[in-house]
Amino acid sequence: PHFVISINDHSDAICFNIDGKPGAILNLVTDPYTDFVVNGELIGEKKIEINKKINTYFGKFGIVNNKMDVKVEVSTKTITVFHGEDKIVFPWSATASLTKESFSISIIKERNLTLTMGDDATFVIVLHRVWKNHPLHRDFLGFYTLDSHRFSSMTHGLLGQFYHEISAEIYNIHPGLDEGKSDATMIVKGHKLRVTRGYQKDYRFDPKRGTNVPCWFVHYNGKGFIDGSPTDYVVSSLF
Amino acid sequence: IGEHGKNPESGLEIYSMKIDCKVTSRFAHNMVISRVVNRANESKEAFFEIELPKTAFITNFSMTLDGVTYVGAVKEKEVAQQQYQKAVSRGQTAGLVKASGRKMEKFKVSVNIGPTKKVTFELTYEELLKRHLGKYEIQIRVKPKQLVKHFQIDVHIFEPQGIAFLDFDAKFLPNNLTSIVKKTLTATRGHVSFKPTLEQQRKCPDCDETVLDGDFIIKYDVNRDLSAGTVQIVNGYFVHHFAPANLTRIPKNVIFVIDHSGSMSGTKMRQTNEALLKILDDMNTKDYFAIIIFDDTSETWKNSIFQATPNNVAEAKVFVRTISARGGTDINAPMLKAVRLLDKSHQDKLLPERSVSMIILLTDGDPNSGESNPTKIQENVKSAINGRYNVYCLGFGYDVKYSFLEKMSLDNDGVARRIYEDSDAPLQLQGFYDEVANPLLLDIELHYPENAISELTQANFRQYYDGSEIVVAGKISDDDLKSLIAEVFAQTANENLTLKAEVQVSEVENITQQQLYIFGDFTERLWAYLTIQQLLEKRVSAETNEKKNLTDRILELSLKYSFVTPLTSMVVTKPEENKNDSFVADKPSEDEKVPIQQRQYSYPGHAYSKRPSFTYVDSD
C-alpha cells in the first residue's frame, strides 16, 4: 500500500510504500491513552507470479475503541459493527448510518464510509471497486484520517506516529535518477534521506480517478521516515 | 374411470386441470382452469371445487359453456345480497365460499352440462405473500375428484432482489414420485412444475383412485442484507420491501396472561402448559418475563417480572406445571394487572432501556366475570396501555369471540390469532411466539419525498421482527420524478439506524420491463391489495364516522380492482331460457365459529334447462 503524510502544516506531503505479504496485518494507529487501535490486513493480486514483486493493498480494516466498547471491521464486502455483544453487518451496497451518542458510522453505498468516534477521531474508508472479472486486480480499501487532534502524544503506528505534526526540511532539489522526476534531500526525525518528487492520489472526492497529491517519495519502505522497520508494525490479529 | 380418466358411471370427465401461479415481488396471481366434458347421454351436474388461501382475494371467475363465456362481476355486497335473497326465496342455497380449516377457503360452484357438452371453469385469485419465519409460502391444495388426463401445476417466481432458496413440499406424493416435480432456479427466477401422467396419478396400478390429494407447498425467500430494501416502480406505482438482515435482536419483556378457567380443563390446559414450558425454554436470557394466570380471579407468579435466566426459567416451569383449570373468566383484571406490572418495572428501571414490552393473552372464552362488557374491557386496556405496549391475543378453540380479541390486539399494535383445538395446538402457540420472539428494530419510519408520492400505505411500524417483512406501497404523483429516495429511520438494540435507498425511476422501470411476462400492472394491484388489507384492519377498531369513510374507500378499491373482499361479492350471470340466473361468491368471516372440518355445503342438482342457478363468492 501507498502512504501519504502531510507535513509542514499541510503545505507539502511525504509518501512511501510498504511492501508486505498478503495476509499480514499492519498496525496503523495505536493510542494507549484512549485505548484506540486501527489495524489493516493486506491482500495481494489474484495471481502471484514467482520472482515478481507482490503488490499488496488493504483488504480489511479493524478499528477498536475499547472505551466505547465499539469495534468495526471493514472489508471490501461488508462493514461489521460490534457494540458490546451486539453485532450489525452492513453491506457496501446500501447507504446507511448508525449513530449512538458520540459514535457514528455513515456509509455511502459502494463509495465510502465515515467513522466518527467522539471528539477523538474521524476517518474515511474508501472502497475501490475493481471489475470483478479482472484477471489480476481485486477490490481494496483506502483509509483517510480527517481528524485526530484528540489523540494522545503516545499515539503510534504506521499512520499514528504522524498524527502530531512533524517537520521535514527539503532542500537540494535536483534532476533525479528517474527521468523527469526531481530528487531532493530531506531531513526528518534526525535522518537525511534521498526523496523523489512524485504524486499520489486522494480518492475521497473522486473515487474513480482521484485527485493528484504531489509528494516527496521516501524509498525503501519509508526507511528513516517511519520509526523502525515495517515488520515492527506487524500484529497478529485485526482486533 | 377409463383410460383417459373418464368415469363411465358419472359420464363426466375432467380432461384438463391447470393451476398456474405467477409471483412477482411477492405478489401472487393464480389461475385455476378446469375443463370437464359430459360423455353421458343425459345432463349431468359438474362441480368445480377449489380451496384457496384465506388471505387471497378472488378477482375473477368464469364458466364457458357451449362456447359462451359467463364472466363474474364484482359488486357491492348489498347489491349481490339482493340477488342472493331472490335465490334463497327460490329455495336455493347460495354462498360459494366457505372457510375450510385453518388457512383455506373453499370455493364451490356447480353447473349442469348437457350430453356431450363441455364446460371450462376458470378462477383467478391474488395474494400478497407474507414473509413468515423467514420464508414465503405458496399453498396449493390439490384434490381432483378423479384421474385427470392433463394435470399441471406451474409456479413461476420472479424476484428482482434474487432468490435465496426455493423448495417444495408435496407430502401426498409417494417417494418415488417426488422426482416428477421439476424445479429450476436462476438468480432471480424460479420455476416449479408438476405434471403427473395418468399412470403416475393412480394410487395402485389397476385402481382409479388418485394420489393427488394434499397440499403442494412452495417455499422460498429472497436475498437480503442490512439495507433500506428494494423499491420497484411500475406504471406510476411503487412498492418498497424492507426486511433487513444482520441485526442484533432487541430484548423483550413479555407478560403471559393465561386463562385457566374451567373451560380450559383437559386437553386445552395440558397443551397450554406444554407450550408454555417450551416457550420458557426458548426464551433468550436477555428477555424478561412474568406470568399472570386468571380465572375469575388472577394471580401473578411471584408478583414480579424476572429476567429469563436459567434459574428463573426453571422455577417458572415448576409453576407452569401446577396450573390447572377452574372457575370463571375475568379478562379485564389480569390485563390491567399486566399493564401495571410493566409500568412499575419500567419506572423502577428493572427493564432494559431499549426493549419491547408486550402482553400475550391466551384465552378460550368470553369474559363472564368481573368486567364482562367486551367494549368496556377494550377501552380499559387501550387507555391503560396508551400506545406503549403491544397486545397479542390468542383465541384458543371455537368458543372465543374472535372479534373482541382482534379489536383489543389491533387497538394496541398487536395481532390476534386463532389457536385451533387440535393435537398440534402447542406447536401453534410456539409458532406464534416464534414470530414475535426476536424483535430487531423499534419505531421504524419509512420516508418518501412528500410532494412526489400519494396514497401511501402504512409507513410507520412499532417493531420489526426477525423473519417478517415490512411492505409499503404508494402512487407516484410527480410525473417528472427522476429518482425516488426511500429513507428508513429506526432504532436498533443500541443505536439509531438510518438507511437510504435511491432508485432511478427510468432504470427501475427498465428492469421491471423484464417481468412484464408475468403481469404488467402487478405493482398497482399489489398496492390496492395492501391498501384494502390495511383499511380492513383499521376498520376493526375505527369509530363510527371513520368506519364509514374506511368502508367507502375499501368498497371503492374492491370494485375498481375487482377484488372479492368482505364488502363485495362476485356475481356470475348465466342466461338461461331468457332468464338471468346468477351465481354469487362471498368471503367467510374469521369470526364465524367454523369447526375445523369444513361445513358440508350442498348445491341441489337440478335439470339443466328448467331451474335457474345462482352462485356467489365473496370475502370476510
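Every chain is numbered from 1, with letters handed out A, B, ... down the list of sequences. Given the structure is predicted, the values throughout are model-derived calculations rather than measurements.
- The stretch residues 79-100 of chain A places A/His83, A/Glu85, A/Asp86, A/Lys87, A/Ile88, A/Val89, A/Phe90, A/Pro91, A/Ser93, A/Ala94, A/Thr95, A/Ala96, A/Ser97, A/Leu98, A/Thr99, A/Lys100 near chain B, each with some heavy atom under 4.5 Å from a heavy atom of that chain.
- Heavy atoms of other residues, nucleotides or ligands lying less than 6.0 angstrom from OH of A/Tyr199 number 12 at most.
- Among residues 484-497 of chain B, the residues having any heavy atom closer than 4.5 Å to a heavy atom of chain A are, in sequence order, B/Thr492, B/Ala493, B/Asn494, B/Glu495, B/Asn496, B/Leu497.
- Counting heavy atoms of neighbouring residues, nucleotides and ligands inside a 6.0 Å radius, atom NZ of B/Lys475 does not exceed 12 of them.
- With rounding to the nearest 0.5 Å, the separation of CG in B/Leu499 from CD1 in A/Ile107 is 8.5 Å.
- Within a 6.0 Å radius of NZ in A/Lys67, more than 12 heavy atoms belonging to other residues, nucleotides or ligands are found.
- Atom NZ of A/Lys201 has more than 12 heavy atoms from other residues, nucleotides or ligands within 6.0 Å.
- Residue A/Phe239 qualifies as enclosed at atom CZ: its count of foreign heavy atoms under 6.0 Å is above 12.
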